[in-house]
There are 2 protein chains.
Amino acid sequence: MENNKENKLDSDKNLLKLLSSQYITEDEFEQLYDSSVIIQFKKGEVLLKQGLKTTHLVFITKGMVKFNYQDNSGKNLILTIAKAPSILGGANIFYDNINIFSITAIEDCEGYLIDVEKLKNIVINNSNFTLKLLELVSGMFKTSVFNFISLAHKQVTGRIAEILLYLSRSIYESDKFTLNLSRQEFAEFVGCSKENVINTLRKFHNEGIIEVTGKHIIINDPEKLNKISKVG
Amino acid sequence: MENNKENKLDSDKNLLKLLSSQYITEDEFEQLYDSSVIIQFKKGEVLLKQGLKTTHLVFITKGMVKFNYQDNSGKNLILTIAKAPSILGGANIFYDNINIFSITAIEDCEGYLIDVEKLKNIVINNSNFTLKLLELVSGMFKTSVFNFISLAHKQVTGRIAEILLYLSRSIYESDKFTLNLSRQEFAEFVGCSKENVINTLRKFHNEGIIEVTGKHIIINDPEKLNKISKVG
DNA sequence: TTTTTTAGATGAGTTCTATCATCATAATAA
DNA sequence: TTATTATGATGATAGAACTCATCTAAAAAA
């Protein structure tokens, strides 16, 4: 039993690193760990649903997710893309526990469910960990503000250039990658129509800035993309 | 001396309520209070400047401010409007202390500067207060996400309807108010051109939904505004 | 396999929005 | 006071982005 747990810890250094290490004690980690449940999500499955109460966080160790929002009229918007390892759902535990957006797997994921109540107990008794969470939420706030600014100020060409760079640098970590977003989803991320995405990608392709073959994308000229994203 | 402090406490119940009450001890409050400086800002003055490091927070007890961002090309964007009493600058103390946007007085303000280092000391030793801050930042995150969603999904007419309702309900707390934003600033809040704001306000006026006389605005039909803001 | 459905691609037409030019009025400075 | 500047208002034009229709290719289902 103890041995088994050791193995799980070893094989999942990311969880250990993010949730324990300098922030919580061995004991506190055990508390969290005992209450967490390993779970798998298939592509398309919803990890946390918009409008529902949060009873748990998800710490994903494998896979990729989108933060998506659906409005009254059924239109979708992708706020951001995140990949493992990452703690999901942290923003609304301490404010009110209703998810303001959904988190959906865009490829198969694996992770742990973490009980919010257990987490709260740890937080109350551990200021350092609380500070770490505060940092996490502040970071999310900052990202969302920048996202907001970008959306407000840039036109579609600039947004697409920016998002291509974001995907390349922060998500796929390569200048060659295979999108796991459809053109429709890409458009929901940019905040424009599907056709606009397709046309703009084609334009970049024709100008030699990128190479597009279906979902496979190669960034040829990141500098030029950067320039386009700055100009707007 | 002690008496003088009592008076200041009494006359400024908001500060007391927000910063102390159930969250920090009398001692901790004294620490903060001793280090805080009463300060006044004239309309147009910058309380916290985008790009600069935060050495203090501002707790405003009187007046109104805008959160504004200026991009490379000099274009402005107003993220939100806040009025006293409010703690400003809380989002970036614990992440990294560079202000991502400016906070500028849109009418004369009065408040306290709060030393960030002193605040940090309190936070580390008081989980409840930290939780309160976490709640504050989470709330800001949530607001900014909703703002983002609104910007991405609604067109100008819907945004303006929404902002009129926001100003009426949350800021001026009346259906009659005198804007302390110019049309240009209003446009920077909406995320559109000045002319678009003017035309849309005129349209609402002609349809009898609102009454506009320069900066004086009367909301005649909040229900209709709400409908317009929902439809987009 | 064939059929059906979904995703990607493209162009035309329309709507929305920004920009520009101009003018009137209000606020501020000389 | 007058002159100057900033703000508000309006219409015309150009550009950006969306919607719609259509088509092809790929994926999924029968």
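Chain A is the first sequence line, chain B the second, and so forth, proteins listed ahead of strands; every chain is numbered from 1.
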Separation of [N] [atom2] from [X] [atom1] (nearest whole Å):
{"X": "A:Gln184", "N": "D:dC18", "atom1": "CD", "atom2": "C1'", "result": "13 Å"}
{"X": "B:Phe186", "N": "D:dA9", "atom1": "CZ", "atom2": "P", "result": "12 Å"}
{"X": "B:Glu185", "N": "D:dT7", "atom1": "CD", "atom2": "C1'", "result": "11 Å"}
{"X": "A:Leu201", "N": "C:dA9", "atom1": "CG", "atom2": "C1'", "result": "11 Å"}
{"X": "A:Lys43", "N": "D:dA27", "atom1": "NZ", "atom2": "C1'", "result": "12 Å"}
{"X": "B:Lys203", "N": "C:dT15", "atom1": "NZ", "atom2": "C1'", "result": "13 Å"}
{"X": "A:Arg202", "N": "D:dT24", "atom1": "CZ", "atom2": "C1'", "result": "13 Å"}
{"X": "A:Asn199", "N": "D:dA17", "atom1": "CG", "atom2": "C1'", "result": "10 Å"}

Exercise for the section: Kindly state which residues belonging to residues 146-165 of chain B come within less than 4.0 angstrom of DNA chain D, counting heavy atoms of the residue only, listed by number. Expected result: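 Nucleic-acid contacts, sorted: none.
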Nearest to the side chain of [X], which nucleotide is it out of [options]?
{"X": "B:Glu195", "options": "D:dT7, C:dC20, C:dA18", "value": "C:dC20"}
{"X": "B:Asn196", "options": "C:dT17, C:dG8, D:dT10", "value": "C:dT17"}
{"X": "B:Ser182", "options": "D:dC18, D:dG8, C:dT10", "value": "D:dG8"}

Any donor-acceptor N or O pair under 3.5 Å, side chains [X], [Y]:
{"X": "A:His56", "Y": "A:Asp115", "value": "no"}
{"X": "B:Gln70", "Y": "B:Ser102", "value": "no"}
{"X": "B:Ser150", "Y": "B:Glu162", "value": "yes"}

Practice task
May I ask you to say what A:Lys215 touches in the nucleic acid, namely base, sugar-phosphate or nothing, with a heavy-atom cut-off under 4.0 Å?
Solution key: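 Sugar-phosphate only.
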Practice task
For A:Ser193, report the nucleic acid contact type (base, sugar-phosphate, nothing); a contact means any heavy atom under 4.0 Å.
Solution key: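 The residue A:Ser193 makes base contact.
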Practice task
Run the ring-centre check on B:Tyr69 versus B:Phe101 and record whether the distance is less than 6.0 Å.
Solution key: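 No - the distance between ring centres of B:Tyr69 and B:Phe101 does not fall below the 6.0 Å cut-off.
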Exercise for the section: Could you walk me through whether B:Lys203 and B:Glu207 pass the side-chain contact (heavy atoms from CB on, under 4.5 Å) test, one step at a time? Expected result: CA-CA 6 Å; B:Lys203 206 185 71 190; B:Glu207 290 167 0; 3.8 Å; yes
Practice task
Would you please classify the geometry between the A:Phe59 ring and the A:Tyr112 ring as parallel, tilted or perpendicular, with 30° and 60° separating the classes?
Solution key: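 Ring orientation, 0 to 90° scale: tilted.
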Exercise for the section: Keeping the roles fixed (side chain from B:Asn99, backbone from B:Lys49), state whether a donor-acceptor pair exists under 3.5 Å. Expected result: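 Answer holds: yes.
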Handout entry: Phosphate OP1/OP2 of C:dT19 contacted by B:Lys194 side-chain N/O (<4.0 Å)
Key =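 For B:Lys194, the contact criterion (side-chain N or O under 4.0 Å from OP1 or OP2 of C:dT19) is not met.
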